[in-house]
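Naming convention: chains lettered A, B, ... in sequence-line order (proteins, then strands); numbering from 1 in each chain. The figures that follow rest on heavy atoms only: side chains count, while hydrogens, waters and symmetry mates do not.
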2 protein chains.
Amino acid sequence: MLDYKESLKQHGLKNSKQRNLLIKLLSNADGIMTAEEIYLALKKQEEKINLSTVYRILEAFVEKGLVVKSTFPSSNTCVFTLKHLEHSHHLICLKCKKTVSLPHCPLKEFEHSIEKETNFNITDHNLELYGYCNNCK
Amino acid sequence: MLDYKESLKQHGLKNSKQRNLLIKLLSNADGIMTAEEIYLALKKQEEKINLSTVYRILEAFVEKGLVVKSTFPSSNTCVFTLKHLEHSHHLICLKCKKTVSLPHCPLKEFEHSIEKETNFNITDHNLELYGYCNNCK
DNA sequence: AATGCAAATGCAAATCGTTTGCATTTTTAA
DNA sequence: TTAAAAATGCAAACGATTTGCATTTGCATT
Ligand SMILES: [Mn+2]
Ligand SMILES: [Mn+2]
Ligand SMILES: [Zn+2]
Ligand SMILES: [Zn+2]
């Protein structure tokens, strides 16, 4: 429950109608969506928006860290979620796509030990858990 | 260092020239490769192979669990690695693509607690770490 | 070793998610 | 209110992946 206009401004993004619609949609949806799902959802609301605009907005949001982009396993379609303020990960139902945010990232300490062992500088990680939710299992 | 022919047979896959070439390439490469990189590497060896065959073989290998398919962040190209016998994850250099296998999966115990908390049945997870290797950082 | 069938391959074309060029509209700041 | 910069819509392009179909190959059987 944020002030979307403020959130955009803080990230140096112009406050367009489509951006506000998209960010509101994502935060109400509270789950992962493909670009096309977002596009269709907004169309259904009688809003004027174009699929390429959806992609451009998502790209901007990802770049600013407002949105996380990832890929469903065994699919080549990207999915997007609103990024929580705290670094977090999701548990995703493979059937209905219901998502749950994990209470914390289990990799913090782990990363440090790996950095020492491997001499890598770890900058990021990808983690998503998959399974079946209460209804679908 | 496996017997590739045996490995294919055990997975119910016919023992074709192209499949053997591909599995050998992947295990020597010891890292992630895109379908096209695989295709070009085999061409360079003067081997007769087609890009769509590479895709079909990789698909079969993924289905049989011989290969893991994942996606590089901020890219829509899939990458493939030979699956280790033990469940494992990779640390990948964002610059040179050098990969290191992590010594163990840090999520085992974590998953159990998450299952209890969320009522999900967790079947799988995706984890890759990204950063810069000793040479590239 | 020869045969036959199912599965695998090559090739070209299709598909589909995503990106881009460009003309038009909207936003923001002066 | 105005002008410049940025965002949008639309159509076309793009690139990774997939597919149809004719041909070849692997493998079990004779
Ligand atoms: Mn994390
Ligand atoms: Mn794991
Ligand atoms: Zn579900
Ligand atoms: Zn490197």
Asker: Check the distance between D:dC27's C1' and B:Arg19's CZ and give it to me in whole angstrom.
Answerer: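 After rounding, the reported distance stands at 13 Å.
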Asker: Name all residues meeting the side-chain contact (heavy atoms from CB on, under 4.5 Å) criterion together with A:Gln10; count only those two or more places apart in sequence or in a different chain, and write none if there are none.
Answerer: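 Partners of A:Gln10 by the side-chain contact (heavy atoms from CB on, under 4.5 Å) criterion, ordered by chain and then number, come out as A:Glu6.
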Asker: Send over the distance from A:Asn20 CG to D:dA6 P, rounded to a whole Å.
Answerer: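 Distance check: A:Asn20 CG to D:dA6 P gives 19 Å.
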Asker: If you count heavy atoms of other groups shown closer than 6.0 angstrom to CD of A:Glu117, is the number above 12?
Answerer: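 Count over threshold, so yes.
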Asker: May I ask you to check whether B:His104 and A:Phe110 place their ring centres under 6.0 Å from each other?
Answerer: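 So the answer is yes for these two rings.
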Asker: Check nucleotides 23-29 of chain C for protein N or O atoms closer than 3.5 Å to its own N or O atoms and list the pairs.
Answerer:
unit_1	atom_1	unit_2	atom_2	d
C:dT27	O2	A:Lys14	NZ	3.3
C:dT28	OP1	A:Asn15	N	2.8

Asker: Using heavy atoms and a sub-4.0 Å distance, could you list which residues of residues 41-53 of chain A are near DNA chain D? By number, please.
Answerer: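 Hits under 4.0 Å, by residue number: A:Lys48, A:Ile49, A:Asn50, A:Ser52, A:Thr53.
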Asker: Is it true that atom NE2 of B:His11 has more than 12 heavy atoms of other residues, nucleotides or ligands lying nearer than 6.0 Å?
Answerer: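 Yes.
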Asker: Listing request: all salt bridge (Lys or Arg N to Asp or Glu O under 4.0 Å) pairs with a residue in residues 35-58 of chain B, at least two apart in sequence or in separate chains.
Answerer: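 Found B:Lys17-B:Glu47, B:Glu37-B:Lys97.
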Asker: Report the distance from atom CG of A:Leu40 to atom C1' of C:dG17, rounded to the nearest whole Å.
Answerer: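 After rounding, the reported distance stands at 13 Å.
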Asker: Without decimals, in angstroms, what is the distance between B:Asn76 CG and D:dC14 C1'?
Answerer: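 Computing the B:Asn76:CG to D:dC14:C1' distance gives 10 Å.
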Asker: Main chain of B:Ile114, side chain of B:Thr118: is a donor-acceptor contact present, judged purely on distance under 3.5 Å?
Answerer: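 Confirmed, B:Thr118 side chain pairs with B:Ile114 backbone.
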Asker: Closest approach of A:Leu66 and A:Ser7, non-hydrogen atoms and distance?
Answerer: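 What the structure gives for the nearest pair is CD2-OG, 3.6 Å.
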Asker: Would you say the side-chain atoms of B:Arg19 pair up with the backbone N or O of B:Leu8, donor to acceptor, closer than 3.5 Å?
Answerer: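 No: the side chain of B:Arg19 does not pair with the backbone of B:Leu8.
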Asker: Would you say that A:Ile92 contacts A:Val100 through its side chain, given a criterion of any heavy-atom pair below 4.5 Å between the two side chains?
Answerer: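 Side-chain contact under 4.5 Å: no.
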Asker: Checking side-chain polar atoms at under 3.5 Å, does B:His125 have a donor or acceptor matched by the opposite partner on A:Glu128?
Answerer: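 On atom types as modelled, these side chains do not qualify, holding no pair under 3.5 Å.
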Asker: Do A:Asn20 and A:Asn15 meet the criterion of a side-chain donor-acceptor pair at a distance under 3.5 Å?
Answerer: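 Checked: A:Asn20/A:Asn15 side chains pair up, N/O donor to acceptor below 3.5 Å.
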Asker: In residues 54-64 of chain B, which residues come under 4.0 Å of DNA chain D by heavy atom?
Answerer: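 Contacting residues: B:Tyr55, B:Arg56.
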Asker: Walk me through whether A:Val67 and A:Lys83 qualify under side chain to side chain contact (heavy atoms under 4.5 Å, CB included).
Answerer: CA-CA 5 Å; A:Val67 160; A:Lys83 188 174 196 166; 5.8 Å; no
Asker: Starting at atom CG of A:Leu22, determine the distance to atom C1' of D:dT8, rounded to an integer number of angstrom.
Answerer: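 About 13 Å, once rounded to whole Å.
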Asker: What pair of heavy atoms forms the shortest contact from A:Ala35 to A:Val54, and how long is it?
Answerer: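 In terms of heavy atoms, the two residues are closest at O-CG1, 3.6 Å.
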Asker: Provide, to the nearest angstrom, the distance between the CE atom belonging to B:Met33 and the P atom belonging to D:dA16.
Answerer: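 So the CE-P distance, B:Met33 to D:dA16, works out to 15 Å.
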Asker: Wobble G-U and Watson-Crick pairs count when both distances are under 3.5 Å; given that, what is the 5' to 3' dot-bracket string of DNA chain D, with | for pairing to other strands?
Answerer: ||||||||||||.|||||||||||||||||
Asker: Could you state the CG-P distance from B:Leu8 to D:dC27, rounded to the nearest angstrom?
Answerer: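 Taking CG of B:Leu8 and P of D:dC27, I get 9 Å after rounding.
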